[in-house]
Amino acid sequence: MSLIRTVAVLGAGTMGAQIAAHFANAGVQVLLLDLTADIARDGLKRARALKPDPLFTPDTASLITTGGFDRDFDRLGSVDWILEAVVERLDVKRALLERIDGVRRGDSIVTSNTSGIQLSLIADGRSAGLRRHWLGTHFFNPPRYLALLEVIPTADSDPAVVARVSEFADRRLGKGVVVAKDTPNFIANRIGLYGVISILRTLDGGGLTIEEIDAITGPALGRPKSATFRTMDIAGLDVLGHVARNLSTQLPGAEGQAFALPPIVTTLIDEGRVGEKAGQGFYKREKASHGSEILTLDPQTMTYRARKPPRLAALDAARAIEDIAARTRTLFLGQDNVGAFLRTTLGSLLMYAARVAPDIAYSIDDVDRAMRWGFGWDMGPFEIWDAIGIRQVLAACGDVEPPPIVAELLRAGRNRFRDGALPASGPDRQLLNGAKKSRGVVRTNPGASLVDLGDGVLAVEFHSKMNTVGGDTLEMLHAGVTEASSNFAALVVGNDAPNFSAGANLMLLLLEAQEGNWDDIDLMVRTFQGTTRALQYADVPVIVCPAGMTLGGGCEIALHGDRIQAAAESYIGLVEAGVGLIPAGGGAKEMLARAVEGLTDPRADLLPKVQKVFETIGFARVSTSGADARRLGFLRPVDAITMNRERLLADAKAVALNRVREGYRPPLTRTAIPVGGDAVLAPLKLGVHLAWRAGRISDHDALVGRALAGVLAGGSLPHQTTVSEQYLLDLEREAFLTLCGERKTLERIQHTLKTGKPLRN
């Protein structure tokens, strides 16, 4: 079969335009069509205005060409994959597919993004060739950020085509692919909506407020912060209503009735209060004297009131339980209002998932993965069954008749669905967990561990809170370099957590600065610099794998690897200026050295290149994606990006082994980095002064800016020259220590630790 190089997306609505954007993110040429070219252009324009951004970088849009069904339909004959994303009406989709059948190339794939219409009905009557290449590809909104792609074959679908689409979606689009059966609303929406409606029905009793239910059904259960009602507002109550009506009409008897919308939802939809896009739903944002205020719907009066902080003792107590499985079990079995609520709602969902799983999915693993990838749950329903225990769930729910697959396990004397955790969905996924199970941990401390990945590759895994970098982490990085140099061929630095590292341990720094322990802070900085240099000049290749937040010290670690293998969703930045500091682990040195690399002419104008680095660090710019990190200079041309987060460490391991095969040799220490001295320092300081005079930055911002300018200029030198890496590291350390002594810097650190937000003082 031919490769998938070109894709046509039919329908430039909210989903179609975003799907087109994500194909472009993957480097695929996209033809986006709607009724007319103008409608398609407008749809793409609206998508580009969405937040969060559906595109990795603004330039990515250049891969998308727009057109209209009226003039450009014949162009579908030249594309490899045609994906329809038009209105959810069977008659419209059937008519469109008939037109596609007349122009498509014989081997082109044709799929539908329908969220619930039976695929076989859409393709009924079409040619045998089309039906062999026809299947469902249900993306979740927003397509860039939600991992799940439900692939839905029909009885006529060629298994080779299904495999081709699944492989492409996995590796190129970064999707978690679940093959679903051709049943109403497939897997994730069917189970997820059942749970939502179960929760909605509890509002009638008035036992818990909307805020309290969101507090229970959010991070406390390992689910997104938007929890239940906020998620509905974001998705749109009209969308919820459409999916629910589809299920209530397509499913027979009592099961269909279970999806009937409660009156509170139908009332909100009828009144146009459909969520965030209408400005009001279960929550309402209202202007206030201090900015804006979030109000909450009162289900009894259907008016909005001030938000009430939830007061639930069980949740407060459960916060001390870090393990999500143990926390869920404790809350579910608790003899209080939280436990009663969960036994009514979550218990009902667990029973439903167990009843319908054989009809909608090919395995319970696929059900759990669908809920993890599509709804952002830390545990799928069958993982929750196992966390609580099958007998315990049944007893807590009133000893109801167990679903057949549950009864079968009970007859076998089992109390769990699985003997262990949910298995990885492929051999290259979740490499770290598999390695720990098969080969164990080489060495560990509270901040990090060394793990043997096999084939001569060692890994350093961070596992402190938010993977902040402290003494334990630095110790294990040093140990990793030593161990890899002696007993392994390569070293990988990465983890399976959502974020690579939130940066250095600010709390430890604050305590030392408040006590005036300047020698200890100096030692901390020297140790950090020594660690990054050890990574950079190790005898074996070091591959660093940033993903999610990779900030401050985390960014500095990444910058010093031989190669970076970044996740597509990597938010990388040197953000120290936000807390009144500058990078001191080699970050400023490394960004400067990269910017001026290759400039051998002693008369070359360094200012434009240094200015760019100054702005990137001074404004604490953070990449919005791996591709954007390349634009900002955090990734080099030799660094690579992995679209599928679960494949990141496997890809890094492959890069490491390739570097070994190439005959890796550590780089030579830089001894002649060009710096501009006063010729660069003066204009940088002038820019800081003008920004301060214009009121764009504060006094303390200006102080930090001047300190950074001094480092990037190489100090106050009378003329352009070259300096060593150690010289620049010393400048970094001196500036950092000086800023640590500033009261306003300590205020910024305190504020950030308390609120998670920067302070402008």
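Every heavy atom of this structure was used, including side-chain atoms; hydrogens, water molecules and symmetry mates were not. In this chain, numbering begins with 1 at the start of the sequence shown.
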query: Counting only N and O atoms by type, is there a donor-acceptor contact under 3.5 Å from the side chain of Arg645 to the main-chain atoms of Ala567?
result: no
message: Just by distance, no angles: are the side chains of Gln18 and Asn141 close enough, under 3.5 Å, to form a donor-acceptor pair?
response: yes
- prompt: Is any side-chain heavy atom of Asp170 less than 4.5 Å from a side-chain heavy atom of Arg647?
  reply: yes
Residue pair Arg594 / Leu559: nearest heavy atoms and the distance that separates them: NH2-O, 2.8 Å
- request: Verify side chain to side chain contact (heavy atoms under 4.5 Å, CB included) between Val28 and Phe168, making sure each step is shown before the conclusion.
  value: CA-CA 11 Å; Val28 179; Phe168 182 90; 3.7 Å; yes
message: Would you say that more than 12 heavy atoms from the other residues, nucleotides or ligands in this model lie under 6.0 Å from the NZ of Lys465, or not?
response: no
field: Side-chain ion pair, Arg670 and Glu597, N-O less than 4.0 Å
entry: no
task: With the side chain counted from C-beta on, respond yes when Leu535 and Ile557 share a heavy-atom pair under 4.5 Å apart, and no when they do not.
output: yes
query: Does some side-chain heavy atom of Ile187 sit less than 4.5 Å from a side-chain heavy atom of Arg369?
result: no
task: Please round to the nearest 0.5 Å and tell me the distance separating atom CD of Glu569 and atom OG of Ser623.
output: 9.5 Å
- prompt: Sub-3.5 Å donor-acceptor pair from the side chain of Ser570 to the main-chain atoms of Ala566, do we have one?
  reply: no
query: Between Lys175 and Glu646, is there a side-chain N and carboxylate O pair less than 4.0 Å apart?
result: no
- prompt: Are any side-chain N or O atoms of Arg144 and backbone N or O atoms of His22, one a donor and one an acceptor, separated by less than 3.5 Å?
  reply: no
message: For Phe23 together with Trp81, are the ring centres under 6.0 Å from each other?
response: yes
- request: Compare every heavy atom of Gly714 with every heavy atom of Leu731, then report the nearest pair and how far apart it is.
  value: CD1-C, 3.6 Å
message: Minimum heavy-atom separation for Gly376 and Pro224, please, with both atom names.
response: O-CD, 3.4 Å
message: Restricting to non-hydrogen atoms, name the atom on Phe140 and the atom on Ala188 that form the minimum distance, rounded to 0.1 Å.
response: CZ-CB, 3.5 Å
message: Quick check: do Val178 and Trp373 have side-chain heavy atoms less than 4.5 Å from each other?
response: yes
Over-ring placement of Lys181 relative to Phe186, 6.0 Å and 45° cut-offs: no
message: Measuring from atom CD of Glu732 to atom CD1 of Ile582, what distance do you get when rounded to the nearest 0.5 angstrom?
response: 6.0 Å
message: Check this for me: Glu322, atom CD, are more than 12 non-hydrogen atoms of other residues, nucleotides or ligands nearer than 6.0 Å?
response: no
- prompt: Using a distance-only test with no angle check, is there a side-chain donor-acceptor pair under 3.5 angstrom linking Gln726 and Gln529?
  reply: no
- request: State plainly whether the residues Asp59 and Arg631 are in salt-bridge range, i.e. N to O under 4.0 Å.
  value: no
query: Which value, rounded to the nearest 0.5 Å, describes the distance between Ile109 atom CD1 and Thr137 atom OG1?
result: 9.5 Å
message: Just so I know, are the side chains of Asp80 and Ser108 near enough to count as touching, which here means a heavy-atom distance under 4.5 Å?
response: no
query: Atom SG in Cys555, atom CG in Leu632: separation rounded to 0.5 Å?
result: 10.0 Å
- prompt: Sub-3.5 Å donor-acceptor pair from the side chain of Asp455 to the main-chain atoms of Val457, do we have one?
  reply: no
- request: Of all the heavy-atom pairs spanning Arg636 and Gly561, show the shortest one and how long it is.
  value: NH2-O, 3.5 Å
query: So do His463 and Asn495 actually touch side chain to side chain, heavy atoms under 4.5 Å?
result: no
query: Is any NZ, NE, NH1 or NH2 atom of the basic residue among Glu167 and Arg172 found under 4.0 Å from an Asp or Glu carboxylate oxygen of the other?
result: no
- prompt: Closest approach of Ile64 and Ala24, non-hydrogen atoms and distance?
  reply: CG1-CB, 3.8 Å
field: Leu648 vs Leu431, side chain to side chain contact (heavy atoms under 4.5 Å, CB included): CA-CA, chis, key distance, verdict
entry: CA-CA 9 Å; Leu648 181 60; Leu431 175 67; over 6 Å; no
- prompt: Below 4.0 angstrom, N of the basic side chain to O of the carboxylate: do Asp323 and Arg327 qualify?
  reply: no
Check: Leu729 and Val525 side chains under 4.5 Å, non-hydrogen atoms: no
task: Please lay out, stage by stage, how Arg418 and Asp368 fare under the test salt bridge (charged side-chain N to carboxylate O under 4.0 Å, His left out).
output: CA-CA 12 Å; Arg418 302 184 185 92; Asp368 281 349; 2.7 Å; yes
- line: Rounded to the nearest 0.5 angstrom, the CG-OG1 distance for Asp386 and Thr328 is 12.5 Å
Salt bridge Arg223-Asp378, side-chain N to carboxylate O under 4.0 Å: no
- request: For the pair Arg630 and Asp628, evaluate salt bridge (charged side-chain N to carboxylate O under 4.0 Å, His left out) and give the outcome as yes or no after the intermediate values.
  value: CA-CA 5 Å; Arg630 196 183 300 283; Asp628 192 47; over 6 Å; no
- prompt: How about Glu662 and Tyr664: does a side-chain donor come under 3.5 Å of a side-chain acceptor?
  reply: no
- request: Before accepting this row, confirm whether a basic side-chain N of the pair Asp158/Arg164 lies closer than 4.0 Å to the acidic partner's carboxylate O.
  value: no
- prompt: Would Lys436 and Asp496 pass as an ion pair if we require N to O under 4.0 Å?
  reply: no
message: Is there a side chain to side chain contact (heavy atoms under 4.5 Å, CB included) between Val481 and Ser485? Walk through the geometry before answering.
response: CA-CA 6 Å; Val481 171; Ser485 298; 4.1 Å; yes
message: Any carboxylate oxygen within less than 4.0 angstrom of a Lys/Arg side-chain nitrogen, looking at Arg443 and Glu483?
response: no
- prompt: With the threshold set at 4.0 Å, does a side-chain nitrogen-carboxylate oxygen contact exist between Lys653 and Asp651?
  reply: no
message: Would you say Thr57 and Thr60 are linked by a side-chain donor-acceptor pair, where the criterion is simply a distance under 3.5 Å?
response: yes
task: Nearest 0.5 Å please: distance from the CG atom of Leu63 over to the CG atom of Leu31.
output: 13.0 Å
task: Answer yes if the side chains of Glu725 and Tyr537 hold a donor-acceptor pair under 3.5 Å, and no otherwise.
output: yes
task: With the side chain counted from C-beta on, respond yes when Val451 and Leu458 share a heavy-atom pair under 4.5 Å apart, and no when they do not.
output: no
task: Starting from the C-alpha separation in whole Å, work towards a yes-or-no answer on side chain to side chain contact (heavy atoms under 4.5 Å, CB included) for Glu150 and Phe139.
output: CA-CA 7 Å; Glu150 290 176 319; Phe139 289 78; over 6 Å; no
